[in-house]
Structure formats: structure tokens, C-alpha cells
*Asks:* 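Let me give you the structure first, and then I'll get to my questions.
Order of the sequence lines sets the chain letters (A, B, ...), proteins ahead of strands, with each chain counted from 1.
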2 protein chains.
Amino acid sequence: MVFNIIHAKQIFTDFLRKGSYRVTSERSEVLEFAFKQVQHFSADELFLAMKNEGSNVSRATVYNTLELLVKCGILSKHNFLGKESRYEKNLGAIEHDHLICVNCGKIIEFDNAEILKIQENICEKYGFVAINHSFITYGFCKNPDECKTNGKD
Amino acid sequence: MVFNIIHAKQIFTDFLRKGSYRVTSERSEVLEFAFKQVQHFSADELFLAMKNEGSNVSRATVYNTLELLVKCGILSKHNFLGKESRYEKNLGAIEHDHLICVNCGKIIEFDNAEILKIQENICEKYGFVAINHSFITYGFCKNPDECKTNGKD
DNA sequence: TTCCTAAATTAGATTTAGTCTAAATATCAA
DNA sequence: TTGATATTTAGACTAAATCTAATTTAGGAA
């Protein structure tokens, strides 16, 4: 569980030192910008947002650093319906999960503590240490009126 | 639950007719080839396999038809670690889920009936009809010796 | 503190998955 | 059988992500 930017910086620095990666100003910058995002974001969106605010960190470094932030548990990475990868902060105890309508594309987020329990059991069974997860149920809206397009797309 | 190719063809044809899509020989061919795959496969892999066996169905049609097969529940679609989308047959009652090591890339498949129950409850709550799901836990192998690369990649 | 080497960063080229286009073809309701 | 329109097609295109090779930098060693 990551609680705030100070804590996240600590975790990230520890992770880098432990893995004999180097602590660089670019990596710190990416972490800071990632933490500023209120919602989930793609690597390119973050890169452009940073550029827009005067940062000179390159696209490649943004992509690389986001992967490191996933590996050390600060961010989660999701792939919705084969679109570009989206990242989000991994704050607090419960990571939220997603329902996605294959008809209208609507995304419903929900929290479920049971899923985390199952995850713990599975990891125990397979000798695995969980960092984060992605649980996506694909389906469609039961009520056709709520299904925005109701089309075939 | 889809049981075999005959059953899958039935489901697909019903789905197409209901949605006033057309039943075409290309769509049947894609279904047949998808069913022949023993493991999960990408859209492009299927396209090339079909081409290789003399099929003339185009790449665009393969991509489109796979999406239809997901929509009608015959296939599941997963995105592992931001790689290309992979499809697999949705056979039997339990869809398997995945543990992925962010260090060595190992993929462990497991079955868990509880996850399906949770999914049912969630869908009930949000007025949603599930077709299939993708549950991926990212983490790392507890035993370093089992972690193939144990490196930074 | 300075030096040195391997790691990291960079801009931009490249690759790759997937989508789009507009012309040709095929389905299926009437 | 016919005709409106859905589908298919090859290949162009787009966007995400990775790669490259030159340059810069971190941080351990002296």
C-alpha cells in the first residue's frame, strides 16, 4: 500500500537502490507527475503533460520509468479492450476493478475486498508475491436504454 | 459455456442472426481456425496461420470476426503486460485466470470458481450481463531460483 | 574530490498491432 | 430473382511502444 508522494518516493528510491538501478532526476520527475494525475493516464498522455509543463524528460524515459513504477507497486497498469495501457496510482488497501460493456464501451469501477482475499490465497498456493492486479469483466448493460450506443460498432 | 465446434457454430449463427449481422463463409472460417488453436493466439497469428493453410480471408476480417466471437462469448480476450491481445476458447464452466511475474515473465494459469461467484454478484448489483472476464495478478516469484531471469530485463 | 565505467537518457527512426478506406462482392429479405 | 446494404478486400494509415547509437550522468573506487 502506497499512501502519498513522500512515501512513494521512499519506496521508489529503495526499490532502485536494491536493484542497483540509478536514482535519477528524470525518474523522480516521472514519479511526481504520475502522482499528480487524478485519474488513470496513458504513458503518452503523461509524457505530453510533462512536456507541456516544461519538463524535458524524453518519451522513452517516461515509458521505462512507468514500468519501474509498476514493478515496485506504486502504479497499476491496465489494458482495457486492447486500447493503450493505462496507469493509475495504487493508493490504499483496495484496488478497484472494472466492468466493461462490449456494446457501448461504458466502464464501471467497483471495489471488492473478496477479490484481494482470493488473490492472497492463490499467491500463497503458487509461491508468488502479488504487486497488483487487473480484474476486468466484459459483458453488456442489462438495460438497453442505459447502453449508450446499443449498436454493433 | 461453449462445448465444441458444432455448439460454437450454433451459438455464432444465432448471435449473428439475432443481431442482423450476416452469416458469411469468412466468419465461419475464422471460427473454425480459432477453434483449432490449442493455446491462446493473437489475431495476427491466426491470420497468418489461416493464410499459411491456403485461406484467403483478409486480416481485417480476421480482426473483426474475433471481436464478434468475443462478444458472443465463444472466445475470451486478454491483454498480458501490454502486449498484443490474445484470444482463447471459452470452453467449459470455469475460465482460467493468470498470475504473471513482472520479473521473468512467467505466466501461471489457475482456475477459481469463487471469482465467478463474485463476478455474478457484481453484475447483479450493477445491472450487467457478463460474457467473460480477465483476471491477472502481477507480482513476482517468491523463490528466486524459479524466477527464470531474476534480472531487470 | 576527481575519475571512470556502466547505466541512463535522448531524439528520432522503426516496428508493430490494429484500424480505416473505398471499391468489389455477397447476403438475404421481399 | 432482385436490389439494398452489409461484408470483404488490399493496402494505406495511425498510434503505441520499442529500438538505436550518440551523449550524458550516477555513483563507486581511488
*Asks:* For A:Gln39, does the CD atom have more than 12 heavy-atom neighbours from other residues, nucleotides or ligands under 6.0 Å away?
*Replies:* no
*Asks:* Under 4.0 Å, heavy atom to any atom of DNA chain C: which of residues 50-66 of chain A qualify?
*Replies:* A:Asn56, A:Val57, A:Ser58, A:Ala60, A:Thr61
*Asks:* Rounded to the Å, how far apart are A:Glu29 CD and C:dT9 C1'?
*Replies:* 12 Å
*Asks:* Determine whether the aromatic ring centres of residues B:His78 and B:His98 are separated by less than 6.0 angstrom.
*Replies:* yes
*Asks:* At a heavy-atom distance below 4.0 Å, what parts of residues 37-44 of chain A sit against DNA chain C?
*Replies:*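 Within this stretch, nothing sits under 4.0 Å of the strand.
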*Asks:* Whether the side chain of B:Ser28 engages the backbone of B:Thr24 through a donor-acceptor N/O pair (distance < 3.5 Å, no angle test) should be reported.
*Replies:* yes
*Asks:* Short question: side chain of B:Arg27, backbone of B:Arg22 - any donor-acceptor pair under 3.5 Å?
*Replies:* yes
*Asks:* Let me know the distance between CD of B:Glu67 and C1' of C:dT19, rounded to the nearest Å.
*Replies:* 12 Å
*Asks:* Fit a plane to each ring of B:Phe110 and A:Tyr126, take the angle between them on a 0 to 90° scale, and name the class: parallel (under 30°), tilted (30 to 60°) or perpendicular (over 60°).
*Replies:* tilted
*Asks:* Whole angstrom is fine here: how far is it from CZ in B:Phe47 over to C1' in D:dG11?
*Replies:*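 About 11 Å, once rounded to whole Å.
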*Asks:* Atom CG of A:Leu48 to atom P of D:dA17: distance rounded to whole Å?
*Replies:* 12 Å
*Asks:* Please say whether more than 12 non-hydrogen atoms of neighbouring residues, nucleotides or ligands are located less than 6.0 Å from CD in A:Glu32.
*Replies:*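 Yes, because the 6.0 Å sphere around CD of A:Glu32 holds more than 12 heavy atoms from other groups.
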*Asks:* Can you check each nucleotide of nucleotides 22-30 of chain C against protein heavy atoms at under 4.0 Å and return B for base, S for sugar-phosphate only, - for none, in 5' to 3' order?
*Replies:* ----BBS--
*Asks:* Would you confirm whether the ring centroid of B:Phe15 sits within less than 6.0 angstrom of the ring centroid of B:Tyr21?
*Replies:* yes
*Asks:* Quick one: does any side-chain atom of A:Lys89 pair with a main-chain N or O of A:Gln37 as donor and acceptor, under 3.5 Å?
*Replies:* yes
*Asks:* Return yes if a side-chain donor-acceptor contact under 3.5 Å exists between A:Gln119 and B:Thr137, otherwise no.
*Replies:* yes
*Asks:* Do we get A:Lys36 above A:Phe33's six-membered ring, with its NZ or CZ under 6.0 Å from the centre and within 45° of the axis?
*Replies:* yes
*Asks:* Judged by atom type as modelled, is there a donor-acceptor pair below 3.5 Å linking the side chain of A:Asn132 to the main-chain atoms of A:Leu75?
*Replies:* yes
*Asks:* Figure out the CZ/P separation between A:Arg27 and D:dT25, and round it to whole Å.
*Replies:* 15 Å
